[in-house]
> 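Have a look at this one before I ask anything.
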Amino acid sequence: MNARKTLTVIAFIICNTITAQVTYLDNNNLKFNPQNNCQLRYLYFPNMHAYYDKLNKVYIYQNKGEWITAKELPTLYGGYSLYSKVRVEITDFDDDKPYTQLKNHKKQFPYSKNGHFTYQTVAIH
């Protein structure tokens with residue numbers, strides 16, 4: 001009987017975790033950084049120097065020197081996924097143009113081709 005209860009609890013936790021991963025990006029009620037009251041609106045991808053806007057559900061990336069917003073990345077990014085790649089949650093900026101901070105983000109979150117990062121990446125829960 002104890003084993004059955006334990007398995008039920010584990011199954012419940014796994015189901016809630018999977019649901020939370022999906023609703024994190026679908027939820028317009030973004031969390032706030034309590035230190036500066038900024039919405040946790042953007043994810044930054046150090047290897048692409050691009051952003052994902054969780055509020056508007058769009059990627060923001062450069063194409064031929066211009067910043068583009070789109071629901072999906074172009075094919076040259078090779079099917080990049082929010083769920084499987086390195087990303088950093090931006091905690092100190094929530095205006096409409098995160099790319100104005102790109103120079104700072106490149107310094108703060110440098111990309112290393114060998115996969116070693118000196119900062120903690122955000123996990124989507």
Side-chain angles (χ1 to χ4, degrees):
M1 192 80 144
N2 262 346
R4 181 177 277 170
K5 286 182 182 180
T6 303
L7 287 174
T8 303
V9 169
I10 290 172
F12 178 76
I13 291 170
I14 290 172
C15 289
N16 282 340
T17 303
I18 292 169
T19 304
Q21 287 177 351
V22 173
T23 58
Y24 183 83
L25 293 176
D26 292 337
N27 188 353
N28 283 344
N29 298 322
L30 300 175
K31 296 178 183 177
F32 283 86
N33 180 346
Q35 296 172 342
N36 58 18
N37 208 31
C38 282
Q39 279 186 318
L40 302 178
R41 178 176 173 181
Y42 295 104
L43 297 176
Y44 171 63
F45 299 93
N47 59 332
M48 296 188 308
H49 305 301
Y51 298 90
Y52 182 76
D53 181 348
K54 295 185 286 184
L55 181 64
N56 296 315
K57 299 179 182 92
V58 294
Y59 289 94
I60 304 168
Y61 60 93
Q62 274 191 318
N63 185 12
K64 297 180 183 176
E66 291 188 38
W67 286 95
I68 308 293
T69 59
K71 295 280 183 189
E72 295 180 2
L73 290 169
T75 55
L76 75 108
Y77 286 103
Y80 204 88
S81 169
L82 283 178
Y83 299 102
S84 65
K85 303 299 181 189
V86 174
R87 66 232 178 241
V88 180
E89 191 159 48
I90 302 301
T91 60
D92 59 354
F93 187 85
D94 62 3
D95 287 339
D96 290 331
K97 298 178 181 178
Y99 49 83
T100 60
Q101 303 297 308
L102 182 62
K103 187 175 181 179
N104 296 334
H105 293 151
K106 282 182 178 181
K107 287 180 185 176
Q108 191 176 3
F109 311 111
Y111 176 68
S112 171
K113 290 182 182 179
N114 63 8
H116 299 287
F117 297 93
T118 57
Y119 53 86
Q120 184 154 358
T121 58
V122 66
I124 299 177
H125 289 75

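The chain is numbered in sequence order, starting from 1.
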> How far apart are the closest heavy atoms of N33 and T91, and which atoms are they?
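Smallest heavy-atom distance, with atoms named: ND2-O, 3.0 Å.
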> Taking side chain as C-beta onward, heavy atoms only, is L40 less than 4.5 Å from K54?
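A side-chain contact under 4.5 Å exists here.
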> Could you state the interatomic distance from CZ (F109) to CG (N47), rounded to the nearest 0.5 Å?
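One finds 14.0 Å between CZ of F109 and CG of N47.
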> So, H49 and Y61: side-chain donor and acceptor under 3.5 Å apart, yes or no?
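Y61 and H49 do not have a side-chain donor-acceptor pair below 3.5 Å.
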> Could you measure the distance from the CG atom of L73 to the CD1 atom of I60? Nearest 0.5 Å is fine.
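Rounded to the nearest 0.5 Å, the CG-CD1 separation comes out at 11.0 Å.
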> Kindly state each residue pair satisfying side chain to side chain donor-acceptor pair (under 3.5 Å) with at least one member in residues 93-102, sequence neighbours excluded.
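Sorted result for residues 93-102: R41-D96, Q101-N104.
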> Any chance you could measure Y42, atom OH, to D92, atom CG, to the nearest 0.5 Å?
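Rounded to the nearest 0.5 Å, the OH-CG separation comes to 12.5 Å.
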> Where is the tightest heavy-atom contact between F45 and R87, given as atom of each residue plus distance?
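Looking at all heavy atoms of both residues, the closest pair is CE2-CB, 3.7 Å.
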> I need the Y44 OH to F93 CZ distance, nearest 0.5 Å.
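Between Y44 OH and F93 CZ, I get 13.5 Å after rounding to 0.5 Å.
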> Linking I/L/V/M/F/W/Y whenever any side-chain heavy atoms sit under 4.5 Å apart, do I90 and F32 land together?
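The answer is no; the residues belong to distinct hydrophobic clusters.
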